[in-house]
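The structure appears right after this line, and notes come after that.
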There are 2 protein chains.
Amino acid sequence: MPHESTRLSARDWARAALTAIADGGLAAVAVEPLARTLGVTKGSFYAHYRNRDELIAAALAEWRTHCEDGLADFAAITDPARRLRELLTTVVRSVRPLVPSVHLSLLGDRNDPRVAEAVGHVDQARLDLLATTYRELGLPSARAAARARVAYAAILGLSHLAQTDPDAPRSTVLANEAATVFLPPVRASRHASVPKE
Amino acid sequence: MPHESTRLSARDWARAALTAIADGGLAAVAVEPLARTLGVTKGSFYAHYRNRDELIAAALAEWRTHCEDGLADFAAITDPARRLRELLTTVVRSVRPLVPSVHLSLLGDRNDPRVAEAVGHVDQARLDLLATTYRELGLPSARAAARARVAYAAILGLSHLAQTDPDAPRSTVLANEAATVFLPPVRASRHASVPKE
DNA sequence: GCGTATCAATACGCCACCGTATCAAGGAGA
DNA sequence: TCTCCTTGATACGGTGGCGTATTGATACGC
């Protein structure tokens, strides 16, 4: 049988490792099972990486750049209110289904220093963007950072709940609730506009 | 030298398995390493459980009852406003440090059906308590469920951030922000004590 | 005190995966 | 065309963990 599919590259292995991480965590990044799913034997793996650790590092790097690229799309939105709304609704609807899976699975391996470093950077970048957005919306710096933290926490948790619960709860009610909770940024002033129903 | 420590029981093994889960996920529940940390050999393990799966099941059951017990403490608070505030501040301060670690580590193994079942039940119980609280505070049922979901998501995410970030962010600023975001549900009661800075 | 059930140690076979040769193509450039 | 480099296959040893005897030691009921 001739090789109808082209040969594999190092990125192919990294991507396969990422999908393995998405369901199974770091423990699922094993050379021989990965080779099986790719349809080759592990002999070819060691032509691209020296060992398993290098593959894990490459997969984490791939994930980080992927996350940063996704973040750049939101950072390009100039209007802070619209940017915030986009961030929230995107998460509620779980538009990008792959990325949060990787993120969640990595939580299980958060004690691994490489994982901690990658997750920490991704979290920090997202927190920075959220904090900047809230500052642009008028919140003082400390409160902007705090609210960014709470909002990002909700984002993480919602993606978690969406993945563990079988019933799809990305309803408009949920989106509205998240919006009323996190959208009005500055209701701390005197004429505090408490969200009404 | 006499045996200063008493012999081990099945619960000892389950508890050791839980702490192993807390840092390392299900993959860390290995009989021989566990026996090493307990100071015995694995020969004794098979006197308490038939195999590794039984140990995992016992550990998950132990975790569930532990979570339910912790939830009962909050459910005992009759005043819904105070109950909500306790729930939020407890999480922000990360009073119970063990439980969330287990919960987070289990996220990495959320594809395991046993884990999915346990996590699903724990999540559901907490969501129910939160939704009831919001209903008691005057929110209509659908919105109460939605806001409970968002609030619980934030709780989960905050505990995640607290564990991955090195800097301790359980500041009062954060607690205040979480309170202003999630506490005033509908300002239902007359003298609703909205926390002011 | 004696026997019995429980807890623990040792030893063994088994399997999955890692890593290292070593070899066989197949393609790009001289 | 010939040669080298890359990709991939095969085989081997090593390690870690699971599960199963088998046996020794200890506590507890009687």
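None of the values given here were measured: they were computed from a predicted structure. Residue numbers begin at 1 in each chain, while the letters A, B, ... track the order of the sequences.
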### Query
Got a salt bridge between B:Glu177 and A:Arg149, using NZ or NE/NH1/NH2 to carboxylate O under 4.0 Å?
no

## Note on the structure
Atom CZ of B:Arg52 and atom P of D:dG16 are separated, to the nearest Å, by 17 Å

### Message
In this structure, how many angstroms lie between the P atom of C:dA8 and the NE2 atom of B:His48, rounded?
### Response
5 Å

### Task
Treating a pair as Watson-Crick (purine N1 to pyrimidine N3 plus N6-O4 or O6-N4) or G-U wobble (N1-O2 and O6-N3) with both distances under 3.5 Å, list the stems of 3 or more consecutive pairs that involve DNA chain C.
C:1-30 with D:1-30

### Task
Select one nucleotide: of C:dC18, C:dA8, D:dG17, the one nearest the side-chain heavy atoms of A:Ala30.
C:dC18

### Query
Would A:Val173 and B:Leu127 show up in the same hydrophobic cluster when neighbours are defined by side-chain heavy atoms closer than 4.5 Å?
no

### Message
Using OP1 and OP2 only, check whether a side-chain N or O of B:Ser44 sits under 4.0 Å from C:dC7.
### Response
no

### Query
To the nearest Å, how far apart are A:Asn51 CG and C:dG19 P?
5 Å

### Task
Check whether the ring centres of B:Trp13 and B:Phe45 lie less than 6.0 Å apart, and answer yes or no.
yes

### Message
If I take atom CZ in residue B:Phe45 and atom P in nucleotide C:dA9, what distance separates them, rounded to the nearest angstrom?
### Response
14 Å

### Query
C:dC14 C1' sits how many Å from B:Glu32 CD, rounded?
12 Å

#### Entry: Interatomic distance, A:Tyr46 OH vs D:dG13 P [rounded to whole Å]
17 Å

### Task
Ignoring backbone atoms, test whether A:Arg36 places a side-chain nitrogen or oxygen under 4.0 Å from the OP1 or OP2 oxygen of C:dC17.
yes

### Query
Can you check the B:Ile56 CD1 to D:dG17 P distance for me, whole Å?
14 Å

### Message
For A:Asp53, is there an ion pair with A:Arg114 - N to carboxylate O distance below 4.0 angstrom?
### Response
yes

#### Entry: Integer-rounded Å distance: D:dT6 P and A:Tyr49 OH
15 Å

### Query
Going by modelled atom types, is there a donor-acceptor pair between the base of D:dG17 and the side chain of B:Lys42 at under 3.5 Å?
no

### Task
List the steps and the verdict of side chain to side chain donor-acceptor pair (under 3.5 Å) for B:Arg147 and B:Tyr134.
CA-CA 8 Å; B:Arg147 180 163 298 197; B:Tyr134 276 122; 5.2 Å; no

## Note on the structure
Heavy-atom nearest nucleotide on DNA chain C taken for A:Val31 and for A:Gly43; more 5' hit belongs to A:Val31

### Query
Taking the side chain as C-beta and beyond, is there a heavy-atom pair between A:Arg110 and B:Ser101 under 4.5 Å?
yes

### Message
Testing A:Val119, A:Leu106, A:Val122 one by one against A:Leu60 for a side-chain contact (heavy atoms from CB on, under 4.5 Å), which residue passes?
### Response
A:Leu106

